[in-house]
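Atoms considered below: every heavy atom in the structure, side chains included; atoms not considered: hydrogens, waters and symmetry mates. Residue indices begin at 1 and follow the sequence shown.
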Amino acid sequence: MTDTPLPFDARRAADILSDAAAGADDADIFVERSRSESFVFDDGRLKSAAYDTEQGFGLRVVAGEATGMAHAAELSEAALSRAAETAAQAKRGYSGTLDTGPTPTNRRLYAQIDPTETPDFGTKTNLLAKIDAWARAKDPRVVQVSVSLAGSHREIDIIRPGGERFHEIRPLVRLNVSVTLEKDGRRESASAGAGGRAAYDEWLEPSRWQGLVERALKKASTNLESIPAPVGEMEVVLGPGWPAVLLHEAVGHGLEGDFNRKGTSVYSGRIGEQVAAKGVTVIDDGTISDRRGSLSFDDEGTPTNRTVLIEDGILKGYMQDRHNARLMGVAPTGNGRRESYDAPTMPRMTNTVMLGGDKDPEEIVKTIKKGVWAVDFGGGQVDITSGNFVFQCTEAYLVENGEIVAPVKNATLIGHGPTALEQISMIGNDFAMDDGVGTCGKAGQSVPVGVGQPTVKVDALTVGGAG
């Protein structure tokens, strides 16, 4: 598709920004024009179909630790001028030197397309009806099916005081299937989803959506046979792929630059220290093609990177946006992100992963004397300052003497991020990325992210259960 021309002169916008940025440390204009759609097929019928468009800009002036920001949904020179006057108040007599801006890149990690344009409405809704019917026919125990499909197109322009302009289109799609099974009066639900920065074409293929249905059915069926989760401190093996969401929450947030600059992270001031078991290497990689968390460049124009955070257990660095990097005297890492044009930029994760090791995953599970094998996860939360976390398992198994005893219900993993990293004793050779469903929240903003890891054994975590 062709790019949409800016409704104002980009050179004139840069001049307005330059005037506002005189004496400041940094400044930019972030312009966003987006289209999004979503469809929900629930209980055998199309429950909702939504389409939305949005546009606007955010103009930012940074002086020392202060940031002045103004935004508007009106894309005009007049609106830019008013925003520049407001944002420039952050200087308040401050005298700084404008930072050198990022180098523009022609790299594109995903197709420059608009998923909302094709296929047509009927094709999308018929797909959901087909998935619903197939799921019900696949298993006679199905009593409820919910299928959702969503796509968005974001056209981004970043303008800097010198006139540099960064432009790209960021597509995003996601398909999710949820099923409920009933057996002998007991009901259990499970879901499976996938997505990425691509068109809808992949999800029209039967092999793709049928795989999601089968995954959801398997989890729900397994949970129908589940027993109450054990309680207490025990060995825990985390499966590959999506279970790395625990790594994302319990460790990743603590490695973001703003928390470490302010000294509120458990990892503050610990560069060069052993913070994890040997063999543990954690990276944040925003450069993986078509992945949900990937960006050709971040929301400040800095090209994304493969940033090593922990290498062989040693803390190597933090994820940085331009503002926190400057204040900490380091280089930005391409992790400056914002939910939309009217939200502030902050250091955020992209695709955060733990690299694979050399152990056979089946052998790892067999080393459990008594513990839990956690295959899939739901939600979780972490306290950045303390590092304490709580996570809910959606598919997990009790293992005794290396043998799987039974699936368990309502297993909760409770622990301390840094301690859990230190207690990793085995790392599998089956590294996998998640299916492309991650959304990360921070300071009221949500952005798409990815996670990945191999099978990993943690020698001691607290397992809780609701019975």
Side-chain angles (χ1 to χ4, degrees), residues 109 194 196 211 215 235-255 267 274-294 304-317 319 333 335 349-368 371-377 380 389 391 393 395-397 399 402 404 413 415 417-438 440 449-461:
L109 299 175
R215 173 66 176 145
E235 299 169 298
V236 173
V237 170
L238 308 175
W242 178 244
V245 67
L246 189 151
L247 172 76
H248 168 102
E249 293 288 356
V251 179
H253 279 298
L255 297 177
Y267 296 103
Q274 188 90 28
V275 297
K278 289 188 66 63
V280 173
T281 295
V282 178
I283 64 173
D284 186 84
D285 191 350
T287 70
I288 310 172
S289 297
D290 303 324
R291 296 302 307 182
R292 182 174 173 84
S294 295
T304 51
N305 287 291
R306 184 181 185 275
T307 303
V308 178
L309 304 172
I310 299 172
E311 185 174 28
D312 198 23
I314 305 295
L315 181 61
K316 293 294 185 178
M319 291 166 278
T333 58
N335 289 92
M349 286 173 273
T350 56
N351 303 299
T352 309
V353 305
M354 180 189 298
L355 300 187
D358 60 359
K359 304 300 183 184
D360 179 86
E362 291 185 7
E363 293 302 316
I364 294 177
V365 175
K366 288 180 180 179
T367 66
I368 300 176
V372 169
W373 176 29
V375 177
D376 210 348
F377 278 66
F389 63 82
F391 271 87
C393 300
E395 183 182 358
Y397 301 85
V399 180
I404 297 173
L413 302 185
T419 302
L421 282 184
E422 293 170 357
Q423 293 182 332
I424 291 175
S425 59
M426 301 181 77
I427 303 174
N429 58 11
D430 57 341
F431 174 86
M433 293 292 295
D434 72 295
D435 287 324
V437 297
C440 173
V449 295
V451 296
Q453 69 173 35
T455 294
V456 174
K457 183 179 181 182
V458 183
D459 285 341
L461 282 178

For the side chain of Glu249 and the backbone of Val251, is there at least one donor-acceptor N/O pair under 3.5 Å apart? no
Residue pair Gly415 / Leu461: nearest heavy atoms and the distance that separates them: CA-CD2, 4.2 Å
Pair Asp285, Thr287: side-chain N/O donor-acceptor within cut-off below 3.5 Å: yes
Of all heavy-atom pairs between Gly241 and Val451, which one has the smallest distance, and what is that distance? O-CG2, 4.1 Å
I'd like to know if the side chain of Asp434 and the backbone of Gly436 have a donor-acceptor N/O pair within less than 3.5 Å. yes
With side chains defined as the heavy atoms from C-beta onward, is the minimum distance between Val353 and Val282 less than 4.5 Å? no
Over all atoms of both residues, closest heavy-atom pair of Ala194 and Val437: N-CG1, 3.5 Å
Under 3.5 Å, side chain of Gln453 to main-chain N/O of Gly239, donor-acceptor pair present? yes
In terms of side-chain heavy atoms, does Thr352 have a donor or acceptor partner in Asp284 at a distance below 3.5 Å? yes
To the nearest 0.5 Å, what is the distance between CG (Leu413) and CZ (Phe391)? 9.0 Å
Nearest 0.5 Å, what's the CZ-CD1 distance between Arg306 and Ile288? 9.0 Å
Under the criterion side-chain contact (heavy atoms from CB on, under 4.5 Å), I'd like the reasoning laid out for Met426 against Thr367: C-alpha separation, chi angles, the key distance, then a yes or no. CA-CA 10 Å; Met426 301 181 77; Thr367 66; 3.7 Å; yes
From CA spacing to verdict: side-chain contact (heavy atoms from CB on, under 4.5 Å), Met354, Val456: CA-CA 9 Å; Met354 180 189 298; Val456 174; 3.8 Å; yes
What heavy-atom pair brings Ile424 and Val458 nearest, and what distance separates the two atoms? CG1-CG2, 4.2 Å
Can you tell whether the side chains of Glu395 and Arg215 come within less than 4.0 Å, N to carboxylate O? yes
Would you name the heavy atoms of Ala374 and Cys393 that are closest together and state the gap between them? CB-SG, 3.9 Å
Would a 4.5 Å heavy-atom cut-off, applied to side chains only, mark Thr304 and Thr333 as touching? no
Chi angles and distances behind the side-chain contact (heavy atoms from CB on, under 4.5 Å) call for Ile283, Thr281: CA-CA 7 Å; Ile283 64 173; Thr281 295; 4.3 Å; yes
Do Leu246 and Phe377 make a side-chain contact, defined as non-hydrogen atoms from C-beta onward lying under 4.5 Å apart? yes
OG1 of Thr350 to CZ of Arg292, rounded to nearest 0.5 Å, is 13.0 Å
Taking the side chain as every heavy atom from C-beta outward, state whether Leu315 and Leu255 have any pair of such atoms under 4.5 Å apart. yes
Could you give the distance from NE2 (His253) to SG (Cys440), rounded to the nearest 0.5 Å? 3.5 Å
Should we count NZ of Lys359 as having more than 12 external heavy atoms under 6.0 Å? no
Are any non-hydrogen side-chain atoms of Gln423 and Lys457 less than 4.5 angstrom apart? no
Within-4.5 Å side-chain heavy-atom neighbours: Val365 and Val399: yes
Any heavy-atom pair between the side chains of Pro418 and Val275 that's under 4.5 Å? no
From Trp373 atom CH2 to Ile404 atom CD1, the distance as rounded to the nearest 0.5 Å: 4.5 Å
Of all the heavy-atom pairs spanning Gly279 and Ile427, show the shortest one and how long it is. O-CD1, 3.3 Å
Can you tell me how far apart CD (Glu363) and OG1 (Thr455) are? Round to the nearest 0.5 Å. 12.0 Å
Mark yes or no for whether Arg291, through its side chain, and Gly286, through its backbone, hold a donor-acceptor pair below 3.5 Å. no
Validation row: Met319, Leu309 side chains within 4.5 angstrom (heavy atoms): yes
